Amino acid sequence: MKKVSILLLTLVLIAGFSSCSDRIEETYTVNTPEYLSYEDLRSSFALKSAEAIRQPGKFYFKDDFIFINEYQKGIHVVNNADPSNPEVLSFIEIPGNVDMAIKGDKLYADSYIDLLTIDISDMNNIMEVDRDTNVFPYIIPEYEVGILDDIDQARGVVTGYKVTEKTEDVSGDSDEYRHFPRWESSFFLMDGALASNVSNTGTGQGGSMARFTVYGDYLYAIDKASLNLFDVSDAANPEYSKRIPVSWEIETLFPYNQMLFIGARSGMFVYSLQDPSSPQFISQFRHASACDPVVVEGDYAYVTLRGGNLCGAIESQLEVIDISVIEYPELLETYPMTEPYGLGIENEVLFVCDGKAGLKIYHANDPYAIDENLIAHYKDIDAYDVIPLGEVLLVIGKDGLYQYDYSSLEDIQRLSYLPVYDN
């Protein structure tokens, strides 16, 4: 199938006449897929020595370790036993990786259409222990201009494109394939022995932009339109359970108080997790189209809406939603933002990543006066997502990983910085 992009680099219409109908031709940029074969994909897992962070995406914390996604490449493993001196230990090569979650000492990561289970009990010997194949939809990378040439799924997964020009009849072109989430890639342009191990109990903590999360004995993963469930009661051997249709353009997951909050471009969806094996729809809060992560504490949900580009035509803003009656979520207040991405909430302290406008920290005890209670504003960080950890705040940004000690809100201190390298 062929897909015509909204934007064409060069467009030349030539109308020719025949005895049957008009013929329309276009000269355009064509994106010819480049493939990684399924055989090579499924033999590509590798543990390598530490590498420079170049294009960071999602991140995850468990015990004394931070796991940072290198967009569509794999995962950096960081020893964070001393937050003032984090050390990049190794790199797990996983082509097509975007998201991750951890249960005990097993890390779950996507690899294009597959789900990998990775044993991280020994940081010197990280191993792939299971691979569930073809459990996620076939997706392709975004391209800027032109059209997409024929896709042959039998050849493997699409890793990129060779760009050329072509002139031909384009009648009957259609839109079929899903793409890697653009909001992830568009934000970022950009060996050692260890005695400690990740514990074999509990789960870790991801940021608000996460599409993977573990709750009880289930791994939940969203794929644009559906919630996928994997039974991980046997952590080393996940079993695909079911797919629950939710809505088009769902983007983020946040579990809280036996509920699952799903951020979508059209709004916030709430599902009950009283039976983790069968999430049940509770309610929906609708808003104008926008990119939409959500976090929750107490009776309030906090949602950032990012307008512009592919996220929607509304202004960027922070919304506070009353969920005290969960069946009927109600908007309480809206605050203007510049280009908000992820956010976090802990003990009524709200952390907002406002893109190029920086990291903003607020007292949120009064939902009607959040903008009047700014604690700190770090304008030098092009901030993407946060993970608050009680006293230490992890911040991933365009230029690297920052850590702050916020045990005293009157005297927040930067602890460390891991840079992103351009070359």
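All of these numbers come straight from a predicted model, not from anything done at the bench.
Residues in residues 268-283 take part in these side-chain hydrogen bond (donor to acceptor under 3.5 Å, both in side chains) pairs, two or more places apart or across chains: Asp275-Ser277, Ser278-Gln280.
In this structure Asp231 satisfies the salt bridge (charged side-chain N to carboxylate O under 4.0 Å, His left out) test with no other residue, sequence neighbours excluded. For Arg155, there are no salt bridge (charged side-chain N to carboxylate O under 4.0 Å, His left out) partners two or more places apart in sequence or in a different chain. With sequence neighbours left out, the salt bridge (charged side-chain N to carboxylate O under 4.0 Å, His left out) criterion links Asp132 to no other residue. With sequence neighbours left out, the salt bridge (charged side-chain N to carboxylate O under 4.0 Å, His left out) criterion links Glu93 to Lys48. With sequence neighbours excluded, no residue satisfies side chain to side chain donor-acceptor pair (under 3.5 Å) with Glu297.
Note on ring orientation: taking the six-membered ring where Trp is involved, the planes of Tyr378 and Tyr404 are tilted (angle from 30° to 60°). Taking the six-membered ring where the residue is Trp, Tyr300 and Tyr302 present tilted rings, their angle falling between 30° and 60°.
Phe351 and Tyr406 have their aromatic ring centers within a separation under 6.0 angstrom. Aromatic pair Tyr108/Phe230: ring centres not closer than 6.0 Å.
Looking at Arg243 and Asp223, a side-chain N of the basic residue comes within less than 4.0 Å of a carboxylate O on the acidic one, giving a salt bridge. Asp110 and Lys58 are not joined by a salt bridge, as no carboxylate oxygen comes within less than 4.0 angstrom of a charged side-chain nitrogen. At a threshold of 4.0 Å, the pair Glu34-Lys162 does not count as salt-bridged, since none of the basic side-chain nitrogens sits closer than that to a carboxylate oxygen.
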**Prompt:** Could you go step by step and tell me if Tyr335 and Val320 meet the side chain to side chain contact (heavy atoms under 4.5 Å, CB included) rule?
**Reply:** CA-CA 9 Å; Tyr335 300 96; Val320 183; 4.0 Å; yes
**Request:** Just do the side chain to side chain contact (heavy atoms under 4.5 Å, CB included) check on Glu144 and Asn31 with the steps written out, would you?
**Result:** CA-CA 9 Å; Glu144 293 299 323; Asn31 298 272; over 6 Å; no
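For the residue pair Ser208 and Asp385, a side-chain donor N or O sits within less than 3.5 Å of a side-chain acceptor on the partner.
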